[in-house]
Protein chains: 2
Amino acid sequence: MPVTKMKATIRSVAIDLFYRKGYFATSISDIARGSGIQKASIYYHYVSKEELLFSILESTMDDLTDYVRENLNRVRDVEERLRVAVRSHVRFHLTRQRENFIANSELRGLSEPNYRAIVRMRDAYEGIFQDLIRQGIDDGVFAVVDVKILSYAILTLCTAGASWFKPEGRLSVDEIAAIYENFIVSGLKREDETISTLSRAASGGIFFP
Amino acid sequence: MPVTKMKATIRSVAIDLFYRKGYFATSISDIARGSGIQKASIYYHYVSKEELLFSILESTMDDLTDYVRENLNRVRDVEERLRVAVRSHVRFHLTRQRENFIANSELRGLSEPNYRAIVRMRDAYEGIFQDLIRQGIDDGVFAVVDVKILSYAILTLCTAGASWFKPEGRLSVDEIAAIYENFIVSGLKREDETISTLSRAASGGIFFP
DNA sequence: CGTGGCCTACCGTCCGGTCGGTAGATTTAT
DNA sequence: ATAAATCTACCGACCGGACGGTAGGCCACG
């Protein structure tokens with residue numbers, strides 16, 4: 001069943017408003033006005049405001065996962081695979097900026113079951129990066145690091161771009177992707193002194209009484 | 001004039017609820033119930049719901065800035081200064097987790113003037129890190145990088161901890177701070193091939209049609 | 001002619017905020 | 001010293017309005 005024209009319009013108006021004003025601050029009337037129809041007509045296409053939000057989040061997560069996986073299929077070298085994953089992640093987030101921003105700030109609008117569904121998808125997606133980092137460590141390409149923390153760090157980092165990126169701004173999507181890519185890879189590759197620094201910090205030195 | 005007991009109670013109940021349910025999903029009645037008081041009495045202490053939010057955000061930003069600046073005063077070496085800044089930032093965000101989470105997710109609840117006030121404070125705070133990075137570049141300690149992007153990246157990275165950190169979890173505040181610190185410093189110190197990687201990505205290679 | 005796609009009209013609920021009032025502590029005036 | 005005045009901290013009742021959602025009707029088009 002094809003998505004009808006109006007259903008798609010409603011969706012894109014909703015994305016725009018959720019992005020600009022937030023989910024809770026956007027009313028169904030706002031969306032209707034933006035779509036050029038009456039409020040009640042929204043409910044012909046979507047059963048509730050939450051379902052509208054959920055469908056946006058779900059398809060965004062789906063598309064993101066597909067996009068990254070597909071690009072990963074073309075590469076074998078583990079460092080290059082991480083680079084590709086980061087690049088894909090950044091590109092996706094910057095080109096579909098508004099949807100991704102919503103996906104990272106409006107989970108609050110979901111009821112328990114829908115919330116869990118999205119979280120499950122996010123976990124699966126994070127798994128891609130965690131596997132990549134683990135693989136890199138096993139192959140001796142990356143330093144031994146805390147995989148979970150670092151995967152969060154990497155994803156947060158790149159995702160954040162979606163909150164300040166402006167297409168007409170100073171830097172292009174590819175330039176930003178390259179900056180992140182290099183920063184992350186060199187952060188992961190160091191053969192550093194994690195332990196010593198850690199114990200120095202944990203020993204309760206001169207700072208932080 | 002000292003902050004009265006009840007005013008402080010309301011404040012901390014509000015922080016707890018804003019953190020757990022979000023600003024818009026928290027009603028004044030909720031806060032009143034949590035404070036053991038009637039709804040109307042809230043308005044004796046705060047003129048509006050927004051003022052309550054604003055006062056939380058404002059004092060959090062104040063305290064954060066003071067804390068980081070104070071710790072920075074004790075160090076001169078530029079790399080160590082960045083390490084201290086990162087460490088302070090992380091520590092503050094993880095120990096005052098809920099306030100910081102709110103400060104980074106509920107700016108939407110502010111009207112224009114209040115919003116601008118907080119953004120101004122944030123800009124000033126970011127300036128500390130940007131100056132540090134610039135200084136490091138000038139001194140040849142850090143690689144030449146895009147200061148603005150990298151400062152956003154660093155702050156976002158560390159701030160994100162406030163959204164998943166659990167005090168009773170696997171890692172302590174200091175361990176997490178050390179992980180971030182090392183990751184960031186080694187990300188900044190590389191003498192890398194930003195330009196070549198950039199042009200490779202921008203040249204529209206095999207990926208990303 | 002029937003049904004997909006939209007409309008008008010309406011409902012119950014909840015929310016931020018206001019109002020008038022009050023018990024009791026504190027300050028001031030005599 | 002005490003009575004009057006004022007202030008502090010709170011309460012119960014209420015308001016206008018917005019919101020998500022529903023019921024049922026209308027009408028163009030296959």
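All values reported here derive from a predicted model rather than from experimental measurement. Naming: A, B, ... by sequence-line order, numbering from 1 per chain.
Here A:Asp174 pairs with A:Arg91 in a salt bridge; the nearest charged N to carboxylate O distance falls below 4.0 Å. A salt bridge between A:Asp123 and A:Arg120 is absent, with no side-chain N of the basic residue lying under 4.0 Å from a carboxylate O of the acidic one. With salt bridges taken as basic N to acidic carboxylate O contacts below 4.0 Å, none links A:Arg69 and A:Asp66. Ionic pairing of B:Arg74 and B:Glu80 is not present here: no N-O contact between side-chain nitrogen and carboxylate oxygen is shorter than 4.0 angstrom.
Taking only side-chain nitrogens and oxygens, B:Tyr44 never comes nearer than 4.0 Å to OP1 or OP2 of D:dC10. Note on B:His45: every side-chain N or O is 4.0 Å or more away from OP1 and OP2 of D:dT8.
Across the protein-nucleic acid pair, A:Tyr46 atom OH and C:dC6 atom C1' stand 16 Å apart, rounded to whole Å. Taking atom NZ of A:Lys7 as the reference point, atom C1' of C:dC6 lies 16 Å away to the nearest angstrom. For the pair A:Glu51 CD and D:dG20 C1', the computed distance is 14 Å after rounding to whole Å. For A:Gln38 and C:dC10, the CD to P distance is 14 Å, given to the nearest whole Å. The distance from atom CD1 of B:Ile42 to atom P of D:dG12 is 14 Å, rounded to the nearest whole Å. Rounded to a whole Å, the CD1 atom of A:Ile37 is 17 Å from the P atom of C:dG4.
The nucleotide whose nearest atom lies closest to any side-chain atom of A:Ser41 is, among C:dC6, D:dC11, D:dC10, C:dC6.
Sorted by first then second residue, the side chain to side chain donor-acceptor pair (under 3.5 Å) pairs that include residues 151-163 of chain A, not counting sequence neighbours, are A:His89-A:Thr159, A:Gln130-A:Ser151.
Inspection of the A:Asp30 and A:Ser27 side chains reveals an N or O donor paired with an N or O acceptor under 3.5 Å.
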Expected rows: protein N/O vs nucleotides 15-21 of chain C N/O, under 3.5 Å:
residue : atom : partner : partner atom : Å
C:dG16  : OP1  : B:Thr26 : O            : 3.4
C:dG16  : OP1  : B:Lys49 : NZ           : 2.8
C:dG16  : OP2  : B:Ile28 : N            : 2.8
C:dG16  : N7   : B:Lys39 : NZ           : 3.0
C:dG16  : O6   : B:Lys39 : NZ           : 3.3
C:dG17  : OP2  : B:Tyr43 : OH           : 3.1
C:dG17  : OP2  : B:Lys49 : N            : 2.8
C:dG17  : N7   : B:Lys39 : NZ           : 3.4
C:dG17  : O6   : B:Lys39 : NZ           : 2.4

